[in-house]
Trainee: 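First the structure, then my questions, so here it is.
Indexing begins at 1, ligand by ligand and atom by atom, following the structure's order. Any value given below was found using the heavy atoms of this structure, including those in side chains, with hydrogens, waters and symmetry copies removed.
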Amino acid sequence: MELPPRPTLFDFHGVAMTKYFTDNWVNIQSFKARPDDIVLVSYPKAGNTWVSYILDLLYFSRTSPDRQNSVPLHERVPFLEISIPGFPSGVDELNSINSFPRIIKTHLPVQFLPQSFWEQNSKIIYVARNAKDTVVSYFHFDRMNKAQPEPGDWSSYLQRFMEGKMVFGSWHDHVQGWWEKRKSSSNILYLLYEDLIEDTERELSRLCSFLELAPSTDLKKEVEEKSLFSNMKHNKMANGSADEVLDFKISPFMRKGKVGDWKNHFTVNQDEQFNEDYVKKMRSTDLHFRTVL
Ligand code: PPS
């Protein structure tokens, strides 16, 4: 299908966005949550797909094994705010789901989450990833995703990231906004990509205990095995290859899956500037990230 030219960024209530995430705003904001919904939130490129696959396996690999081989992950875990002409909107996809729980992907900053999720006290999982690996991953994603603004060259992209001029706004605001919210909401689990890489089994246990799930040892092993980067990368139902807006000739969606790839992109100068800016923007938080393991 022919896609229109790439969208441009604009300021949307103080957050940089594109029309593909704001055109359906009224329906997004009035979205009706169901009590058993699970909301999986992240700034782009933090590991949302990884955790969504883990959740889908935990909930459905025993009850609906066929779904793993026949339905692409982005249809099993719809993206709440997406609305691209010619494709079903995330809201419509979610409203047509009859199985439960619904696992809902979103990149919304905390102030934009539809009210109904708070009223229903839905379980919310937030995944965060260190800023340097996030911006590198985002750069390559924007190169290959025809529904994202033109990324330009790496150094201007990095500059825009520091200024918060990315789709879904400032990384610094996003991770801190949800971190602060978590302090007053027991229904938010805050996961770090680096922790997941370091010890997937440990983080899986945290996830299960938060969701009040007690998977068998076999299921836990299966989830860990299937959700390994090397296995997901070759799984057509989970590696993004079924998504028509992604151009795999430019870059794979499952690209490196590592902590520290930023070192292959940042110059010494860029790193110094980035660190200086980072300290200012993260001065007042007790949220800390690891950029190497
Ligand atoms: S998106 O498009 O915003 O939803 O992207 P998201 O899924 O949040 O993040 C994509 C990055 O996560 C990596 N990834 C993984 N890393 C380790 N293990 C597994 N199983 C895994 N699955 C996805 C993916 O490769 C992207 O990171 P980069 O650094 O680009 O490789």
Trainee: Just to be sure I'm reading this right: ignoring hydrogens, which of Arg129, His107, Lys258, Gln148 gets closest to atom 27 (O) of ligand 1? Compare them by their nearest heavy atoms.
Mentor: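 Considering heavy atoms of Arg129, His107, Lys258, Gln148, the nearest to atom 27 (O) of ligand 1 sits in Arg129.
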Trainee: Does the plane of the ring in Trp178 sit parallel, tilted or perpendicular to the ring in Tyr126? Use 30° and 60° as the thresholds.
Mentor: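 Parallel: the ring planes of Trp178 and Tyr126 meet at under 30°.
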Trainee: Using a 4.0 Å heavy-atom threshold (strictly under), name the region of Tyr193 that reaches ligand 1: side chain, backbone, both or neither.
Mentor: side chain
Trainee: Under 3.5 Å, is there a donor on one side chain and an acceptor on the other for Trp179 and Asp286?
Mentor: yes
Trainee: Starting from atom 30 (O) of ligand 1, find the nearest protein heavy-atom neighbour and note its residue, name and distance.
Mentor: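 Result for atom 30 (O) of ligand 1: Ser137 OG, 2.7 Å.
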Trainee: To the nearest 0.1 Å, how far is atom 5 (O) of ligand 1 from its closest protein heavy atom, and which atom is that?
Mentor: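 Heavy-atom neighbour on the protein nearest atom 5 (O) of ligand 1: Lys45 NZ, 3.1 Å.
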Trainee: Looking only at protein heavy atoms, which one is nearest to atom 7 (O) of ligand 1, and what is the separation?
Mentor: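 Looking at atom 7 (O) of ligand 1, the protein heavy atom closest to it is Thr49 OG1, 2.5 Å.
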Trainee: Which ligand 1 atoms, with their elements, are less than 4.0 angstrom from a heavy-atom of Pro44?
Mentor: 3 (O)
Trainee: Take the angle between the ring planes of Tyr138 and Phe141 and call it parallel below 30°, perpendicular above 60°, tilted in between.
Mentor: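 Aromatic pair Tyr138/Phe141 classed tilted.
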Trainee: What protein heavy atom sits nearest atom 22 (N) of ligand 1, and how far off is it?
Mentor: Met254 CE, 3.3 Å
Trainee: For ligand 1 and Asp133, I'd like to know whether there is a polar contact (N/O to N/O, distance under 3.5 Å).
Mentor: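 Between Asp133 and ligand 1, no N or O pair is found under 3.5 Å apart.
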Trainee: Counting heavy atoms only, which of Ala46, Gly47, Ser227 comes nearest to atom 20 (N) of ligand 1?
Mentor: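 Nearest heavy atom to atom 20 (N) of ligand 1 lies in Ser227.
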Trainee: What is the nearest protein non-hydrogen atom to atom 8 (O) of ligand 1, stated with its residue, atom name and distance?
Mentor: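 Scanning the protein heavy atoms, the shortest distance from atom 8 (O) of ligand 1 goes to Asn48 N, 2.7 Å.
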Trainee: If you round to the nearest 0.5 Å, how far is CE of Met237 from OH of Tyr53?
Mentor: 11.0 Å
Trainee: Under the salt bridge (Lys or Arg N to Asp or Glu O under 4.0 Å) criterion, do Glu93 and Lys105 qualify, and how do the steps go?
Mentor: CA-CA 12 Å; Glu93 281 192 287; Lys105 166 182 175 169; over 6 Å; no
Trainee: For ligand 1, which part of Lys105 has a heavy atom less than 4.0 Å away: the side chain, the backbone, both, or neither?
Mentor: side chain
Trainee: When the ring planes of His107 and Phe79 are compared, do they come out parallel, tilted or perpendicular, using 30° and 60° as the limits?
Mentor: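 Perpendicular.
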Trainee: In terms of ring plane angle, is the pair Phe274 and His172 parallel, tilted or perpendicular, where the classes change at 30° and 60°?
Mentor: tilted
Trainee: Where do Glu180 and Lys183 land on the salt bridge (Lys or Arg N to Asp or Glu O under 4.0 Å) test, with the steps shown first?
Mentor: CA-CA 5 Å; Glu180 287 311 309; Lys183 293 180 180 168; 3.1 Å; yes
Trainee: Determine, step by step, whether Asp247 and Lys249 satisfy the salt bridge (Lys or Arg N to Asp or Glu O under 4.0 Å) criterion, reporting the C-alpha distance in whole Å, the side-chain angles of both residues, the deciding distance to 0.1 Å, and the verdict.
Mentor: CA-CA 5 Å; Asp247 186 348; Lys249 291 194 285 309; 3.7 Å; yes
Trainee: Using non-hydrogen atoms of the residue, decide whether Phe253 is closer than 4.0 angstrom to ligand 1.
Mentor: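 Phe253: in contact with ligand 1 (<4.0 Å).
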Trainee: Output the list of atoms in ligand 1 that are nearer than 4.0 Å to some heavy atom of Phe141, sorted by atom number.
Mentor: 2 (O)
